[in-house]
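The block underneath contains the structure these notes are about, expressed in structure tokens.
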Amino acid sequence: MHSSIASFQWLLYIFTVISSLQVSATRFNIPRLSPTRGTILQNPEILSATISEDFQTFYYNQTLDHFNYRPESYSTFQQRYVINFKYWGGGAGADANAPIFVYLGAEGPLDGDISIIGFLTDNAARFNALLVYIEHRYYGKSIPFGSREEALKNASTLGYFNSAQAVTDYAEILLYIKEKFNARHSPVIVIGGSYGGMLATWFRLKYPHVALGALASSAPILYFDDITPRNGYYSIVTRDFREASETCYETIMKSWAEIEKVASKPDGLSILSKKFRTCKPLKDSYELEDYLELVYADAAQYNQPPKYPVNMLCGGIDGAALGTDNDILSKIFAGVVAHEGNMSCYVNPPTIESETTVGWRWQTCSEMVIPIGTDNTTMFQPAPFNLSSFIDGCESLYGVSPRPHWVTAYYGGYDIKLILQRFASNIIFSNGLRDPYSSGGVLENISDSVVAIATINGSHCLDILRANQSSDPDWLVTQRETEIEIIEGWISKYYADLKAIK
């Protein structure tokens with residue numbers, strides 16, 4: 001069941017993202033963040049079948065606009081949250097003030113994350129914890145204005161769709177839950193991955209009276225403005241491939257010129273379409289190049305046990321050299337097949353535009369302006385991030401201009417150690433250094449309680465996925481145990497403080 005779901009999700013991922021990475025030589029849409037491979041589009045009916053009956057669904061009457069007092073701001077919508085009571089010791093009961101672990105939903109429906117994110121359920125019994133999962137506004141079943149069509153209609157209705165509103169949503173729901181279940185003094189630990197990890201970090205900084213601490217997995221909170229080098233993401237993709245196989249890396253480097261060479265022939269696009277078994281004839285060479293770039297980036301971002309996609313892909317490329325079709329493009333296609341499996345066609349299947357595709361496009365066109373680009377130091381063709389072109393593209397879509405400096409103005413980011421070492425506390429930044437987004441993560445301790453845990457062989461959000469005793473390497477088991485011990489320390493100190501003031 002899980003393998004069929006994963007294949008289904010990955011197929012949809014390819015459908016929806018292939019056009020989103022680059023337009024000609026200038027990047028427009030920003031690669032989205034996700035804790036799990038392929039969750040860019042979920043099928044809640046399929047995924048819900050894998051969710052235990054221990055999870056109960058609730059809806060909160062959420063405020064549309066938390067930040068002004070115009071009459072229309074008091075409008076409300078139904079926001080979904082899910083609770084697992086199975087392990088909870090209770091609020092002011094026998095196991096007084098047992099903790100609450102909260103997963104902060106990100107840019108997608110909540111359904112898939114509940115079935116895949118294992119950190120909460122894997123550790124709930126150890127803490128007698130209440131488990132809460134909250135869906136991000138404008139995704140899944142948490143839709144303002146009565147319908148998705150109405151909510152996504154234009155920039156006026158989309159204007160309430162941002163991270164500041166989202167983290168305040170979470171605060172309102174958690175305060176309500178603590179009151180409803182007599183858990184006023186139960187410590188809250190917020191957990192998120194990727195964009196959700198950013199939200200967990202910002203939630204702890206903005207609402208320390210609600211959350212005692214945060215685990216931010218693979219959260220590139222420094223990939224804004226020019227804090228992180230713009231080529232950071234694709235530099236790590238390049239490094240991952242080069243470490244896996246020098247010949248694979250060299251083949252990919254050479255392939256771009258070969259694609260352009262073939263495409264320049266009178267029947268070149270037809271040749272490429274046949275060579276890569278495309279679902280429909282290629283319109284131009286960029287279509288193929290974008291697709292390949294996405295495949296390589298995905299393999300690196302989710303390069304995790306037991307399959308290690310980069311090794312599989314390079315195995316296909318290098319293995320093709322032993323066969324009869326051993327030209328550069330045949331090798332590249334063999335790598336694609338090794339990565340994606342044997343499919344009837346590749347590259348440009350029918351486009352399925354999901355709510356997540358639409359939502360993430362708005363988020364990157366408003367505040368989540370992550371300036372990812374490539375230069376001639378990577379294995380990719382140079383395609384620098386061009387802010388002017390990016391702004392033009394967003395204005396043509398929505399009639400509004402992105403705010404590329406808003407995140408650092410509202411949440412911070414520059415001189416993060418200097419600023420946070422005497423202000424912040426109780427945040428874990430976990431990163432796998434094989435993850436391209438780790439280039440924008442916090443990789444060094446900021447203080448004794450704002451700590452970085454980086455694993456050399458780790459990938460995107462691997463630490464918060466469901467534990468697998470048969471395949472998890474020792475370093476991953478150790479990483480998770482370290483995170484839990486840190487959280488235990490926060491909670492123990494909190495209980496001591498609580499006892500001292502009573």
Side-chain angles (χ1 to χ4, degrees), residues 10 13-14 17-18 21-22 27 31 33-34 37-38 218 220 223 228-260 275-276 285 288-323 326-341 346-347 372-384 431-441 454-462 473:
W10 173 235
Y13 180 92
I14 286 292
V17 183
I18 191 63
L21 289 181
Q22 125 180 359
R27 296 184 184 282
L33 299 133
S34 171
R37 181 185 184 214
S218 299
Y223 221 135
T228 294
R230 294 184 173 188
N231 69 346
Y233 183 97
Y234 285 101
S235 292
I236 292 182
V237 176
T238 300
R239 187 193 68 196
D240 288 349
F241 275 83
R242 193 166 195 176
E243 288 180 354
S245 166
E246 183 72 22
T247 55
C248 172
Y249 156 78
E250 290 176 355
T251 300
I252 293 171
M253 284 270 288
K254 295 173 183 175
S255 69
W256 310 115
E258 186 66 18
I259 290 171
E260 291 299 324
K275 172 75 74 174
F276 284 88
S285 60
L288 174 59
E289 291 162 352
D290 291 350
Y291 173 85
L292 293 173
E293 185 176 298
L294 170 67
V295 168
Y296 302 144
D298 174 81
Q301 189 162 319
Y302 301 102
N303 193 32
Q304 57 201 36
K307 292 185 176 180
Y308 291 103
V310 170
N311 292 347
M312 289 179 63
L313 200 155
C314 280
I317 289 176
D318 292 341
L322 304 175
N326 58 6
D327 60 281
I328 288 177
L329 298 187
S330 292
K331 293 177 185 177
I332 295 297
F333 181 63
V336 169
V337 174
H339 180 254
E340 295 187 41
Y346 302 85
V347 182
I372 294 176
T374 56
D375 57 21
N376 58 12
T377 66
T378 73
M379 69 180 187
F380 300 94
Q381 300 179 98
N431 282 279
L433 298 183
R434 291 189 183 278
D435 172 18
Y437 268 121
S438 68
S439 57
T455 52
I456 294 173
N457 294 312
S459 60
H460 199 62
C461 297
L462 185 57

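Position 1 is the first residue of the sequence; numbering continues from there.
Side-chain contact between I236 and S438 is present, with at least one heavy-atom pair separated by less than 4.5 Å. Between I252 and I317 there is a side-chain heavy-atom pair separated by less than 4.5 Å. Looking at L462 and D435, their side chains never come closer than 4.5 Å, going by heavy atoms from C-beta outward. Side-chain contact between M253 and M379 is present, with heavy atoms from C-beta onward closer than 4.5 Å.
Annotation for G232 and S439: closest pair C-OG, 3.4 Å, computed over non-hydrogen atoms. Y346 approaches E340 most closely through the heavy-atom pair CD2-OE1, 4.0 Å. When every heavy atom of A338 is checked against every heavy atom of G316, the shortest pair comes out as CB-CA, 3.9 Å. The nearest pair of heavy atoms linking A244 to N311 is CB-OD1, 3.5 Å. The minimum heavy-atom distance between L313 and A299, with the atom names listed, is CD1-CB, 4.2 Å. Contact record, P309 with N303: N-OD1, 3.2 Å, taken as the closest heavy-atom pair.
Ring pair H460/Y437 is tilted by interplanar angle, where 30° to 60° counts as tilted. Taking the six-membered ring where tryptophan is involved, the planes of Y296 and F380 are tilted, since the angle between them lies from 30° to 60°.
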(Q) Using side chain to side chain contact (heavy atoms under 4.5 Å, CB included), reason through D327 and K275 one step at a time and then give a plain yes or no. (A) CA-CA 11 Å; D327 60 281; K275 172 75 74 174; 3.4 Å; yes
(Q) Using the rule given for side chain to side chain contact (heavy atoms under 4.5 Å, CB included), can you reason through T378 versus V237, listing the C-alpha separation, both sets of side-chain angles and the distance that settles it, and then say yes or no? (A) CA-CA 8 Å; T378 73; V237 176; over 6 Å; no
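In summary, the side chains of S245 and D318 do present a donor paired with an acceptor at a separation below 3.5 Å, with no hydrogens or angles considered.
No donor-acceptor pair under 3.5 Å is formed between the side chain of S218 and the backbone N or O of N431.
Rounding to the nearest 0.5 Å gives a distance of 12.5 Å between SG of C248 and CD of E243. Rounding to the nearest 0.5 angstrom, the gap separating the SG atom in C314 from the NZ atom in K331 is 12.0 Å. Between atom CG of residue L329 and atom CZ of residue F276 there is a gap of 5.0 Å, rounded to the nearest 0.5 Å. To the nearest 0.5 Å, atom OG of residue S255 and atom CG of residue L288 are 8.5 Å apart. Atom-to-atom distance recorded for R434:CZ and S459:OG is 9.5 Å, nearest 0.5 angstrom. A distance of 13.0 Å separates OH of Y234 from CG of D240, quoted to the nearest 0.5 Å.
The one candidate from T377, T374, I372 that meets the side chain to side chain contact (heavy atoms under 4.5 Å, CB included) condition with N231 is T377.
Ring centers of Y223 and Y233: at least 6.0 Å apart, outside the cut-off.
Ionic pairing of E246 and R242 is present here: one or more N-O contacts between side-chain nitrogen and carboxylate oxygen are shorter than 4.0 angstrom.
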